[in-house]
Amino acid sequence: MTRVRRVVGLLLVTAALSACSGDPDLDLTVRTAVAGGDVTVEYTLANRSDAPMVVYDGGWTDPQQPGWSRGPVEVSVRDDGVIEISRRIIHPCQTEDTSDCGGARQPTVRIRGSVLEPGARRSDSVRVPLQVEPDHPASVQHTTISLAGRKVVFCVGFTEATDDNPPTSTGLYPPGSPQTVVCGEPYQVP
């Protein structure tokens, strides 16, 4: 009986520690549909934590290349064949291994982000054509793929704003910024 109590006690302590682990609590609700030749994703983010969150919800820009930007959505072909539509940091060209981006390192690129205060909700939508040129990996860039008959998933990157990781005054964040990714349920495109 004592061994059972110890195991139950250990499980309760483990559950309490995981509940207090400080993991950011950002809920993502996604509705995906096909209309007029596009995949439309409508989503709502809800900050359920006590801390502000920086949500990577804008496109890429480069302070060293005025006027250059990339849209607020990236399309990736995952290893499992699922197509990821995302607003998050996916930019292999900022790492030492640049094999997935043609060998060019681009260290100055920044992603736009905005702050979602505790208890706040925000809704937005994105559209991607049914015929799309993926951004990642490099092996599928400049090729057109059809989303018809494929599974797609929408993901958003975010991080908790802390004293060690405060929001920037410009709203621009380097690709090495901390990130947690939350994704909706996969959607089978008809």
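The structure presented is a predicted model; accordingly, all values stated were derived computationally and were not measured.
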Return yes if a side-chain donor-acceptor contact under 3.5 Å exists between T168 and R110, otherwise no.
no

With a cut-off of 3.5 Å and sequence neighbours excluded, list every side-chain donor-acceptor pair involving residues 183-190.
from : atom 1 : to   : atom 2 : distance (Å)
Q188 : NE2    : G149 : O      : 2.7

In the hydrophobic cluster built from side-chain contacts under 4.5 Å, what are the other members alongside V153?
V82

Summary of ring pair (Phe, Tyr, Trp, His ring centres under 6.0 Å) pairs that have at least one residue in residues 31-59, sequence neighbours excluded:
Y43-F154, Y56-Y173

Using modelled atom types only, decide if a donor and an acceptor are shared between the side chain of [X] and the backbone of [Y] within a distance under 3.5 Å.
X	Y	result
D135	S76	no
N47	L116	yes
E160	A51	no

D80, CG: over 12 other non-hydrogen atoms inside 6.0 angstrom:
yes

Take a 6.0 Å sphere around CZ of R31 and say whether it holds more than 12 heavy atoms from other residues, nucleotides or ligands.
no

Measuring from [X]:[atom1] to [Y]:[atom2], what's the distance to the nearest 0.5 Å?
X	Y	atom1	atom2	value
R127	T40	CZ	OG1	4.0 Å
T180	D25	OG1	CG	11.5 Å
L172	R112	CG	CZ	5.5 Å
E133	Q141	CD	CD	9.5 Å

Hey, does [Y] have a side-chain heavy atom less than 4.5 Å from the side chain of [X]?
X	Y	answer
P134	I145	yes
E117	V115	yes
L26	L45	yes
T159	S177	no

Applying disulfide (SG to SG under 2.5 Å) as the test, list every pair that has at least one member in residues 26-62; sequence neighbours left out.
none

Indicate the atoms forming the closest heavy-atom contact of [X] with [Y], along with that distance.
X	Y	answer
A161	V54	CB-CG2, 4.3 Å
D57	S114	OD2-OG, 2.6 Å
L28	V182	CD2-O, 3.6 Å
S123	T44	OG-OG1, 2.8 Å
W60	R88	CZ2-O, 4.3 Å

What pairs meet the side chain to side chain donor-acceptor pair (under 3.5 Å) rule with one or both residues in residues 143-155, with sequence neighbours excluded?
Q131-S146

Kindly write out the residues that satisfy side chain to side chain contact (heavy atoms under 4.5 Å, CB included) with P72, not counting sequence neighbours, or none if the list is empty.
R87

Indicate if V77 and V181 have the same hydrophobic cluster label, given that clusters are the connected sets of ILVMFWY residues with side-chain heavy-atom separations under 4.5 angstrom.
no

